[in-house]
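Accompanying notes for the structure given below.
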Protein chains: 2
Amino acid sequence: MTRIRHQSLDCSPGCAVEATLQLIDGKWKGVILYHLLQGTLRFNAIRKRLPNITQRMLTTQLRELERDGFVLRTVYPEVPPKVEYSLTPRGRTLEPVILALKAWGDEHTEFRHGREACADHDEILTSAAKRTK
Amino acid sequence: MTRIRHQSLDCSPGCAVEATLQLIDGKWKGVILYHLLQGTLRFNAIRKRLPNITQRMLTTQLRELERDGFVLRTVYPEVPPKVEYSLTPRGRTLEPVILALKAWGDEHTEFRHGREACADHDEILTSAAKRTK
DNA sequence: CTGTATCCCGGCCGATACTG
DNA sequence: CAGTATCGGCCGGGATACAG
């Protein structure tokens with residue numbers, strides 16, 4: 001681990017932009033935050049929404065988000081284990097950023113056919129046996 | 001080159017977020033776009049504003065931004081060469097996104113001392129001869 | 001269910017040198 | 001001035017297996 005990488009920011013007025021980007025990089029954080037924006041989710045609930053993420057990656061990203069103070073991790077001491085993830089107040093401050101990203105994506109990306117393909121992604125993935133792709 | 005990488009998006013409602021992030025990743029694109037928001041800039045002018053970027057990286061990133069239709073590259077056939085970069089109309093549509101990033105960074109990041117250190121970065125860099133750094 | 005531990009590959013990205 | 005070419009390290013992140 002050690003997660004070093006937030007170093008070497010340039011320092012122009014643009015550094016704020018860069019700094020923000022560093023916090024939501026990692027290929028998955030943005031999407032995770034987006035889903036968390038809509039409410040508390042359990043580990044596997046997030047996985048369902050991120051068909052292509054691996055366990056390892058999800059754990060890693062969530063740990064970083066937690067470390068950065070964006071996400072609250074709540075462990076219920078019971079078996080089977082139950083862990084819930086939710087946004088902290090600080091995490092919620094990212095809402096405008098995430099929504100801006102979402103809005104732009106909705107407006108300007110064209111995977112028209114992807115639309116309906118998305119609909120049943122959880123069914124597809126529920127049984128990972130298929131691997132039709 | 002070949003710049004493949006925009007594949008394997010997940011496909012949930014969050015895919016729009018992910019798709020957008022893919023376009024401004026690369027560690028530098030966000031900042032480049034930010035500076036370009038403020039007007040047309042020449043190659044070295046951008047470099048001045050990105051103290052830590054290398055020639056190679058700047059070229060690469062600009063090429064990708066151009067390929068994605070965000071940036072217009074104008075070459076003036078004269079010697080010494082002069083190349084200007086500016087945002088396309090499509091590039092300008094990213095303004096809300098970039099500004100959201102900037103706003104959050106200004107609000108929530110703490111490199112207090114960086115403030116004034118940033119102030120005169122252009123003077124420092126104007127004459128690259130100094131190399132005071 | 002929710003992780004952690006290993007292995008390891010691909011490619012991002014930096015350093016450096018050369019060109020029109 | 002504005003690039004291109006080449007080499008290489010490092011680490012992001014995927015696959016897989018194991019654990020509480």
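Every chain is numbered from 1 and lettered A, B, ... according to where its sequence line falls, protein lines coming before strand lines.
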Next item on the list: Compare the minimum distances between each of C:dT2, C:dG14, C:dT4 and the side chain of A:V83, then state the nucleotide with the smallest one.
Entry: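 Among the listed nucleotides, the one closest to the side chain of A:V83 is C:dT2.
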
Next item on the list: Determine whether B:R42 and B:I46 make a side-chain contact, defined as any pair of heavy atoms from C-beta on separated by less than 4.5 Å.
Entry: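 When only atoms from C-beta onward are counted, B:I46 and B:R42 do not touch, as no gap falls below 4.5 Å.
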
Please check this pair: side chain of [X] against backbone of [Y], looking for a donor-acceptor N/O pair closer than 3.5 Å.
X	Y	result
B:R73	B:R63	no
B:T88	B:G69	yes
B:S86	B:T40	no

Check: Does anything in residues 78-102 of chain B pair up under ring pair (Phe, Tyr, Trp, His ring centres under 6.0 Å), and if so which pairs, sequence neighbours excluded?
Finding: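 Sorted pair list comes back empty.
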
How many Å lie between [atom1] on [X] and [atom2] on [N], as a whole number?
X	N	atom1	atom2	result
B:I46	D:dG3	CD1	P	9 Å
A:L58	D:dA15	CG	C1'	16 Å
B:M57	D:dA2	CE	P	18 Å
A:Q61	C:dT2	CD	C1'	17 Å
B:K27	C:dG11	NZ	P	19 Å
A:Q55	D:dA15	CD	C1'	11 Å
B:N52	C:dC13	CG	P	14 Å
B:E84	D:dA2	CD	P	9 Å

Can you check whether [X] has a side-chain N or O nearer than 4.0 Å to OP1 or OP2 of [N]?
X	N	answer
B:R73	D:dG3	yes
A:R63	C:dT4	yes
B:Y85	D:dC1	no
B:R47	D:dC1	no
A:T54	D:dG13	no

Can you give the donor-acceptor pairs under 3.5 Å from side chains of residues 74-82 of chain A to other protein atoms, not counting sequence neighbours?
residue	atom	partner	partner atom	Å
A:Y76	OH	A:E84	OE1	2.9

Note to self: Report for the helix from C:dC1-D:dG20 to C:dG20-D:dC1: angle between first-end and last-end helix axes, five pairs each, rounded to 10 degrees.
What the structure shows: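 For the helix from C:dC1-D:dG20 to C:dG20-D:dC1, the axes at opposite ends meet at about 50°.
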
Next item on the list: First locate atom CD of B:E18, then atom CG of A:L50, and finally report the distance between them rounded to the nearest 0.5 Å.
Entry: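 Those atoms lie 7.5 Å apart.
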
Notebook entry, point to check: Taking for each residue the nucleotide of DNA chain C bearing the nearest heavy atom, is the 5' side occupied by B:P81 or by A:V75?
Noted result: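 By nearest-heavy-atom nucleotide position, the 5'-most residue is A:V75.
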
Next item on the list: Under the side chain to side chain contact (heavy atoms under 4.5 Å, CB included) rule, collect the residues that match up with A:R47, sequence neighbours excluded.
Entry: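 Once residues adjacent in sequence are excluded, the partners of A:R47 under the side chain to side chain contact (heavy atoms under 4.5 Å, CB included) criterion are A:F43, A:N44, A:Q55, A:L58.
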
Check: Can you name the side chain to side chain contact (heavy atoms under 4.5 Å, CB included) partners of A:A103, sequence neighbours left out?
Finding: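 Side chain to side chain contact (heavy atoms under 4.5 Å, CB included) check on A:A103 returns nothing, list empty.
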
Check: Among residues 36-44 of chain A, which residues get a heavy atom nearer than 4.0 Å to DNA chain C?
Finding: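 Those residues whose heavy atoms fall under 4.0 Å from DNA chain C, taken from residues 36-44 of chain A in numerical order, are A:R42, A:F43, A:N44.
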
Check: Can you check side chain to side chain contact (heavy atoms under 4.5 Å, CB included) on B:L37 and B:R92, steps first, answer last?
Finding: CA-CA 7 Å; B:L37 267 179; B:R92 296 229 162 259; 3.7 Å; yes

